[in-house]
Amino acid sequence: MTKKHILEKIESLRSILRDMKGVAVAFSGGVDSTLLACIAVEQLGNNALLLTATSATFTQRELDICKQLAREWGAGHVIIKSNEFKIPGYVRNTPDRCYICKKERFESMFEIAAARGLPHVADGAIIDDECVFRPGEKAAAEMGVLHPLRQAGFTKKDVREAARILELANWDEPSHTCLATRVPYETPLHEQILKRIEEAENILRRAGLRQMRVRDHGDTARIEAPPAKISMLARLSVRAGIVDAFKKLGYHYVTLDLQGYRSGSFDEVNSLGDNRKP
C-alpha cells in the first residue's frame, strides 16, 4: 500500500466522520481507536466525545495513554467504570465473555452519547477483525455501533502506516487485549488475578519486552514472548530476576512458552465452532 493510498483512506475516514455530525468513540488507547479518535476530534471538535471503559481488565498504563492523548488533542473524554464483574456469565469466563462485556459497555456508551446529543457510537474495528473470532462484534452489531475505519477500508497495516504519517504518539504501540484474555476459558475471573497479571507483564516490560503475554494457569505463569526474545529471557542473569519477581507475586512456577507470542493462544485448545481466533 503506497503513501498515496493511505492518504486517500485518511481522507475517506475524515469524510465519513464529518457526515456523522456527532459521535462518541470507544477509545482504548490502542492504535486503531487512537486513529479513529484523533480524526473524529479533528473533524467534529466538541461533537466528538471519547469514552474509555475501565475495570480490572484495563491496565493503568493503557488508561494513562488515553488520558494523555485526550489532553493533547483538547478532546472531551469520559472515563466509564464498567461493571462486567457484576455479571455472573462474565465472571464464569466462558468463550462468549467478550460479548457479555462489550454489550454492557456499549449500553453505557449509548446512554452517554444520547445524554450529550450525539447520534452515533463508533469503535475502532477494522477489516482484519472480520476474519478472527471476536464475540464482541456480535454485541456491536446488535446495538448499532459504527465502524468508520472498516468503512474506509483500513487494515491493520493501513492503520499503523496512517498513524505513523499523522505522527500519532503511539503509532508503533504493540497490540492491546484485555487482561481477561490471559486466563483460560472456564477459569473464573477475579480482579486480583488480573492485577497480578498486570504486575507480571510490567516486570517483563521493564526487562525490555514490548510485546508479550503472561498467561495465568493458577500457580503457573506461562510467558509468551516474540521468538527473537526467547534466548534473552532464557539467559541466567535475566531469568533469575524474572523468576524471583514472579514468585513474589504468588506464582509457584514460571515457564517460557517456546512457541512464542501469538494472539489468542487459549483458543488453540478450544472448539468454538469455527477456525477463527481472537
Arg160: side-chain contact (heavy atoms from CB on, under 4.5 Å) partners, not counting sequence neighbours:
Val31, Lys156
The salt bridge (charged side-chain N to carboxylate O under 4.0 Å, His left out) partners of Glu104 (sequence neighbours excluded) come to none
Tell me whether Glu72 is salt-bridged to Lys67, with the criterion being a basic N under 4.0 Å from an acidic carboxylate O.
no
Salt bridge check, Lys9 against Glu11: does any charged N sit closer than 4.0 Å to a carboxylate O?
no
Do Glu199 and Arg196 meet the salt-bridge criterion of a basic N to acidic O distance under 4.0 Å?
no
Can you list, pair by pair, the side-chain donor-acceptor contacts under 3.5 Å of residues 232-245, counting residues two or more places apart and other chains?
{"from": "Arg239", "atom 1": "NH1", "to": "Ala234", "atom 2": "O", "distance (Å)": "2.6"}
{"from": "Asp244", "atom 1": "OD2", "to": "Lys248", "atom 2": "NZ", "distance (Å)": "3.4"}

With sequence neighbours left out, write down each residue that passes salt bridge (charged side-chain N to carboxylate O under 4.0 Å, His left out) with Lys4, or none if nothing qualifies.
none
When you compare the side chains of Ser28 and Glu62, does any donor N or O come within less than 3.5 Å of an acceptor on the partner?
no
Minimum heavy-atom separation for Ala162 and Leu35, please, with both atom names.
CB-CD2, 4.0 Å
Considering residues at least two apart in sequence or located in another chain, which fulfil the salt bridge (charged side-chain N to carboxylate O under 4.0 Å, His left out) criterion with Arg92?
none
Is it possible for you to say whether Tyr261 and Leu179 belong to one hydrophobic cluster, with membership spreading through side-chain heavy-atom contacts below 4.5 Å?
no
side-chain contact (heavy atoms from CB on, under 4.5 Å) evaluation trace for Arg215 with Glu224:
CA-CA 8 Å; Arg215 309 293 185 182; Glu224 293 180 10; 3.1 Å; yes
With salt bridge (Lys or Arg N to Asp or Glu O under 4.0 Å) as the test, would you mind laying out the steps for Arg61 and Glu173 before giving the verdict?
CA-CA 12 Å; Arg61 180 173 178 273; Glu173 178 75 11; 2.7 Å; yes
Glu142: which residues meet the side-chain contact (heavy atoms from CB on, under 4.5 Å) condition with it, sequence neighbours left out?
Tyr99, Lys103, Lys138
Residues in ring-ring contact (aromatic ring centres under 6.0 Å, His included) contact with Phe85, at least two apart in sequence or another chain
Tyr90
Donor + acceptor pair across side chains of His77, Thr52 (<3.5 Å):
yes
With sequence neighbours excluded, residues passing salt bridge (charged side-chain N to carboxylate O under 4.0 Å, His left out) with Glu201:
Arg182
Will you find, in the side chains of Asp64 and Gln60, an N or O donor that is under 3.5 Å from an N or O acceptor?
yes
Give, for atom CD of Gln151 and atom CG of Leu17, the distance between the pair rounded to the nearest 0.5 Å.
9.0 Å
Worked check of salt bridge (Lys or Arg N to Asp or Glu O under 4.0 Å) between Asp257 and Arg262:
CA-CA 10 Å; Asp257 191 322; Arg262 65 272 190 203; 2.9 Å; yes
Flag yes if Ile203 and Tyr253 sit in one hydrophobic cluster, no otherwise; membership is Ile, Leu, Val, Met, Phe, Trp, Tyr, and two members link when side-chain heavy atoms are under 4.5 Å apart.
no
In terms of hydrophobic clustering (I, L, V, M, F, W, Y; side-chain heavy atoms under 4.5 Å; direct or indirect links), are Leu149 and Trp171 co-clustered?
no
Would Leu36 and Leu13 count as a side-chain contact (heavy atoms from CB on, under 4.5 Å) here? Give the steps.
CA-CA 8 Å; Leu36 175 62; Leu13 179 61; 4.2 Å; yes
For Ile6, does its backbone N or O pair with a side-chain atom of Asp158 as donor and acceptor, under 3.5 Å?
no
Could you work out the complete set of other residues in the hydrophobic cluster of Val121, with links drawn between I, L, V, M, F, W and Y side chains under 4.5 Å apart?
Leu49, Leu51, Val78, Ile80, Phe106, Met109, Phe110, Ile112, Leu118, Met143, Val145
Other hydrophobic cluster members with Phe58, side-chain heavy atoms of Ile/Leu/Val/Met/Phe/Trp/Tyr under 4.5 Å, chained?
Leu63, Ile79
Contacts of Gln43 that satisfy side chain to side chain donor-acceptor pair (under 3.5 Å) - sequence neighbours left out:
Arg18
Sorted by chain and residue number, the ring-ring contact (aromatic ring centres under 6.0 Å, His included) partners of Trp73 (sequence neighbours excluded) come out as Phe27
